Amino acid sequence: MLDDAGRRKAAEALSTAEESRIPVPPLRRTWPAIDTDDAYAVQLLGIERRRRRGARVVGHKVGLSSPVMQRMMGVGEPDYGHLLDDMALHEDTPVDLGRYCAPRIEVEVAFLLGADLPGEGCTVADVLAATEALAPAVELIDSRIRDWDIAIADTVADNASSAGFALGASRVAPDRVDRCAVTAVLHGADGAELARGRADAVLGDPARAVAWLARKVAAFGVRLRAGHVVLPGSCTRAVDLAPATTYRAVFGAGLGEVTLRTR
């Protein structure tokens with residue numbers, strides 16, 4: 001494990017990389033002793049730094065929510081990161097890719113909480129009872145680690161590689177849709193299909209990922225609150241973002257769509 005000074009240096013390195021858009025070498029090479037507990041501590045240091053500058057936590061995201069990704073990282077559970085208000089992107093405002101290091105897009109079914117979730121012991125039933133609506137969403141992921149050369153400690157420390165998110169206008173009550181059967185297709189330039197998937201790619205049920213998240217963050221004294229956005233994991237593979245392109249994620253089961261434009 002790292003001592004407090006090591007954790008602070010790792011958090012500072014990631015913060016500088018984000019601000020300068022110059023990625024750093026993998027943390028696991030600079031600090032070979034770093035483990036997952038260190039990485040979550042580094043993530044929290046980075047989030048607290050941003051909160052002191054005025055950012056506000058508006059939700060969380062789950063990463064590594066597919067068995068394939070977990071095997072690639074050599075872990076047995078997902079990871080998580082924070083969503084801040086300054087990470088919110090909007091359909092009518094093109095995204096400046098110059099703000100990021102190596103951005104990619106993922107397609108997700110967002111859970112919008114209308115009530116607080118319990119922490120320890122949170123179940124899928126609790127998640128569905130607390131969810132006000134499901135919404136179409138995309139997440140912009142980015143790595144402040146050079147060349148996306150990440151292992152579990154690298155991505156966890158780097159806020160689970162999260163950088164932005166956008167929600168579509170549609171809202172659907174969770175009891176009005178078979179959430180596990182929702183299909184998602186990502187289109188790019190000239191409407192070309194870039195990726196396709198289903199919501200059950202996320203732990204078999206995206207609500208299961210939200211319940212896992214509520215239990216996990218409870219260990220750090222954190223609760224998922226009413227008004228929060230939760231991104232449970234991607235339905236599709238991640239796609240590199242290109243400038244001057246319109247990306248359109250279209251969901252089945254009446255969930256609607258969301259568009260992200262770049263410049």
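What you see below is based on every heavy atom in this structure, not just the backbone, and it leaves out hydrogens, waters and symmetry mates. Predicted model only: the values in this text are computed from it and were never measured.
Here the options are Leu186, Leu194, Thr262, Thr236, the test is side chain to side chain contact (heavy atoms under 4.5 Å, CB included), and the partner is Ile105; only Leu186 passes. Tested against Arg28 for a salt bridge (charged side-chain N to carboxylate O under 4.0 Å, His left out), the candidates Asp38, Asp154, Asp35 yield a single pass: Asp154.
At least one donor-acceptor pair closer than 3.5 Å links the side chain of Asp79 to the backbone N or O of Gly63. Remark: side-chain polar atoms of Ser162 are not paired, donor with acceptor, to backbone N or O of Ala160 under 3.5 angstrom. At distances below 3.5 Å, not a single donor-acceptor pair connects side-chain atoms of Ser234 with backbone N or O atoms of Arg237. Formation of a donor-acceptor pair under 3.5 Å by the Ser15 side chain with backbone atoms of Ala11 is not found in this model. Side chain of Asp200 to backbone of Asp205: no donor-acceptor contact under 3.5 angstrom is found. Under a 3.5 Å cut-off, the side chain of Gln43 and the backbone N or O of Val156 do form a donor-acceptor pair. With hydrogens and angles disregarded, a donor-acceptor distance shorter than 3.5 Å links the side chain of Asp126 to the backbone of Thr123. At least one donor-acceptor pair closer than 3.5 Å links the side chain of Ser20 to the backbone N or O of Ile22. Arg196 places no side-chain N or O within donor-acceptor distance of the main-chain N or O of Ala184, the cut-off being under 3.5 Å. Between the Glu108 side chain and the Gly233 main chain, a donor and an acceptor come within less than 3.5 Å of each other.
Side-chain atoms of Val109 and Cys235, non-hydrogen and from C-beta on, do get closer than 4.5 Å to each other. Residues Val229 and Leu167 have side chains in contact (heavy-atom distance under 4.5 Å, counting atoms from C-beta outward). Looking only at side-chain heavy atoms (C-beta outward), Leu134 and Thr131 come within less than 4.5 Å of each other. Inter-residue side-chain proximity for Val24 and Thr30 is flagged as unmet; no heavy-atom pair is nearer than 4.5 Å. Looking at Leu224 and Asp116, their side chains never come closer than 4.5 Å, going by heavy atoms from C-beta outward.
No salt bridge links Lys9 with Glu12; every basic N to acidic carboxylate O contact stays at or beyond 4.0 Å. Comment: Arg50 engages Asp86 in a salt bridge, judged by a side-chain N to carboxylate O separation of less than 4.0 angstrom.
In this pair, His60 and His82 present their aromatic rings tilted. The plane angle is within the 30 to 60° band.
No path of Ile, Leu, Val, Met, Phe, Trp and Tyr side chains, each step under 4.5 Å between heavy atoms, connects Ile141 with Leu84, placing them in separate hydrophobic clusters. Taken together through direct or relayed side-chain contacts under 4.5 Å among Ile, Leu, Val, Met, Phe, Trp and Tyr, Trp148 and Val75 form part of one hydrophobic cluster. Under a hydrophobic-cluster definition in which Ile, Leu, Val, Met, Phe, Trp and Tyr are linked whenever side-chain heavy atoms come within less than 4.5 Å, directly or via other members, Val127 and Val182 are assigned to the same cluster.
Here the CZ-OG distance, from Arg144 to Ser161, works out to 6.5 Å after rounding to the nearest 0.5 Å. Note that NE2 of His90 is 11.0 Å distant from CG of Leu260, once rounded to the nearest 0.5 Å. To the nearest 0.5 Å, atom CD1 of residue Ile145 and atom CZ of residue Arg29 are 10.5 Å apart. In this structure, the separation between CZ on Arg171 and CG on Leu112 is 5.0 Å, given to the nearest 0.5 Å. For the atom pair Leu231 CG and Glu139 CD, the distance stands at 5.5 Å (nearest 0.5 Å). Atom CZ of Arg21 is separated from atom SG of Cys101 by 8.0 Å, given to the nearest 0.5 angstrom.
The 12-atom threshold is exceeded at CZ of Arg225, counting heavy atoms of other residues, nucleotides or ligands nearer than 6.0 Å. Crowding of Glu120 atom CD: a count of heavy atoms from other residues, nucleotides or ligands under 6.0 Å not exceeding 12. Enclosure of atom CG in Asp190 is not indicated, since only 12 or fewer non-hydrogen atoms of other residues, nucleotides or ligands lie within 6.0 angstrom. Summarising the local packing, CZ of Arg176 is surrounded by 12 or fewer heavy atoms from other residues, nucleotides or ligands at distances under 6.0 Å.
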Acceptor/donor pairs from residues 247-255 side chains to any protein atom, 3.5 angstrom cut, sequence neighbours excluded:
unit_1, atom_1, unit_2, atom_2, d
Tyr247, OH, Ala242, N, 2.7
Arg248, NE, Glu257, OE1, 3.4
Arg248, NE, Glu257, OE2, 2.9
Arg248, NH2, Glu257, OE1, 3.0

Distance-only donor-acceptor hits, side chain of residues 209-216, under 3.5 Å, sequence neighbours excluded:
unit_1, atom_1, unit_2, atom_2, d
Trp212, NE1, Glu77, OE1, 3.4
Arg215, NH1, Cys122, O, 2.7
Lys216, NZ, Glu77, OE2, 2.7

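Stacking of Arg7 on the aromatic ring of Trp31 is not recorded, the 6.0 Å distance cut-off and the 45° axial limit not both being met.
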